[in-house]
Number of protein chains: 2
Amino acid sequence: MTTRERTWSIAELAAEFEVTHRTLRHYEELGLIAPERRGTTRVFSKRDRTRLALILRGRRLGFPLEEIRRIVDMYDDQPGRVGQLRYLLGQISDRRADLEARRRDIEDSLAELAELERRCETDLATLRGNRAVPARSQDTPSRTSV
Amino acid sequence: MTTRERTWSIAELAAEFEVTHRTLRHYEELGLIAPERRGTTRVFSKRDRTRLALILRGRRLGFPLEEIRRIVDMYDDQPGRVGQLRYLLGQISDRRADLEARRRDIEDSLAELAELERRCETDLATLRGNRAVPARSQDTPSRTSV
DNA sequence: GACGCACTTGACGTCGACGTAAACGTAAAG
DNA sequence: CTTTACGTTTACGTCGACGTCAAGTGCGTC
């Protein structure tokens with residue numbers, strides 16, 4: 001007899017991932033997850049958990065749910081024929097380009113944050129030394145970050 | 001006489017940054033930018049351009065406009081007193097933590113993408129060799145990416 | 001002075017991502 | 001047998017980030 005796989009209720013999954021029931025149902029409506037049913041009640045499998053983790057990471061990165069679905073589905077597509085595989089490889093390359101652009105944005109932001117921090121530290125040191133803080137140019141946020 | 005600084009019309013800025021007029025006005029409403037006025041017409045300065053670039057980077061990273069405003073404003077706050085500086089340094093550290101978390105998400109995603117790609121390549125090679133493609137476990141997207 | 005062009009201010013519409021309330025089912029606990 | 005806990009569907013509400021008219025202004029030109 002096959003080892004009974006662990007399952008989760010909607011409440012358990014919601015608590016674990018810190019989302020609401022509504023969110024999980026919403027994701028089901030959009031086809032992002034497809035929990036089984038025991039009667040009318042949703043039963044979440046390990047697979048659903050995995051997908052949910054992916055979905056939430058996509059969400060943290062600011063992707064729209066529609067796009068997230070396409071991406072998550074990439075991993076489940078049984079790569080039947082060569083055409084499918086080629087298509088998948090194309091998708092992968094697209095997504096990689098996107099992610100790398102985001103990473104550049106983040107790196108830039110972090111660099112500028114560091115720069116701003118450095119300036120703050122020196123200003124602070126100057127103030128501690130009771131010397132006047134040099135007024136910095138206001139019209140050009142010399143190098144900023146987001 | 002002070003060197004006349006270059007300015008931009010709303011149309012010029014919109015074209016350059018590939019946003020609509022509406023978007024720029026919206027950002028003004030929210031206090032993200034504050035172009036001067038020549039009569040009733042908006043006149044954008046270098047400073048506005050700089051801020052806009054920051055705003056759009058924040059947007060690409062998926063930050064809400066309200067938060068973007070607070071961040072962009074960080075750079076314009078004249079760090080008057082020590083308390084201000086300390087506060088700013090705190091903000092900086094918060095933002096860095098956020099960005100670094102995002103970066104981790106991205107790194108993870110890229111790693112999993114690479115893994116998926118590798119599997120695709122081998123499958124493709126297998127198909128080319130006219131051998132059967134090994135069916136992979138369907139219920140556990142072995143390791144996925146977003 | 002009428003025309004076009006770029007610009008303005010409302011103000012309502014839309015779309016995604018849920019929030020929230022209403023009304024109901026099921027099953028164990030008091 | 002009712003209460004409590006947990007679950008369900010349906011459906012309207014909300015909020016952010018704009019889109020999309022409508023109606024008007026200022027200005028150089030034909």
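In what follows, every chain begins at residue 1, and chains take the letters A, B, ... in the order their sequences are listed.
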Pairwise N/O distances under 3.5 Å, protein to nucleotides 5-7 of chain C:
unit_1	atom_1	unit_2	atom_2	d
C:dC7	OP1	B:S9	OG	3.1

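- Between B:R37 atom CZ and C:dT8 atom P there is a gap of 6 Å when expressed in whole angstrom units.
- Whole-Å rounding puts the B:R59 CZ to D:dG16 P distance at 17 Å.
- Between the B:T126 side chain and the B:T122 main chain, a donor and an acceptor come within less than 3.5 Å of each other.
- A straight line from CZ of A:F44 to C1' of D:dT8 spans 12 Å, rounded to a whole angstrom.
- When atom types are taken as modelled, the side chain of B:T41 and the backbone of B:R37 share no donor-acceptor pair closer than 3.5 angstrom.
- What separates CD of A:E28 from P of D:dG7 is a distance of 14 Å, to the nearest Å.
- When each of D:dA17, C:dG19, D:dC18 is scored by its nearest atom to the side-chain atoms of B:T23, the top-ranked nucleotide is D:dC18.
- Atom pair B:E66:CD and D:dC18:C1' shows a separation of 15 Å (rounding to whole Å applied).
- Following rounding to the nearest Å, B:R22 (CZ) and D:dG19 (P) show an atom-to-atom distance of 8 Å.
- Residue B:R38 is out of contact with every strand shown, counting any heavy-atom pair closer than 4.0 Å.
- Listed for the B:E12 side chain is a donor-acceptor partner under 3.5 Å among the backbone atoms of B:S9.
- Residue A:Y27 places none of its side-chain N or O atoms closer than 4.0 Å to OP1 or OP2 of C:dA17.
- Closest of all the heavy-atom pairs between B:L99 and A:S109 is CD1-CB, 3.7 Å.
- Between the NZ atom of B:K46 and the OG1 atom of B:T7 there is a distance of 13.0 Å, given to the nearest 0.5 Å.
- Looking at A:R51, its side chain does come within 3.5 Å of a backbone N or O of A:L32 through a donor-acceptor pair.
- Here the nucleotide nearest the side chain of A:P64, chosen from D:dC18, C:dA17, D:dG19, is C:dA17.
- Per the geometry, CG belonging to A:L24 stands 13 Å off C1' belonging to D:dG7, to the nearest Å.
- The separation between B:E29 atom CD and D:dC18 atom P is 11 Å, rounded to whole Å.
- A:F63 carries A:R102 over the face of its six-membered ring, with the cationic atom under 6.0 Å from the centre and within 45° of the normal.
- No donor-acceptor pair closer than 3.5 Å links the side chain of A:T23 to the backbone N or O of A:V19.
- Nearest heavy atoms, A:L54 versus A:V72: CB-CG2, 4.2 Å.
- End-to-end axis angle of the helix from C:dG1-D:dC30 to C:dG30-D:dC1, using five pairs per end and rounding to 10°, comes to 30°.
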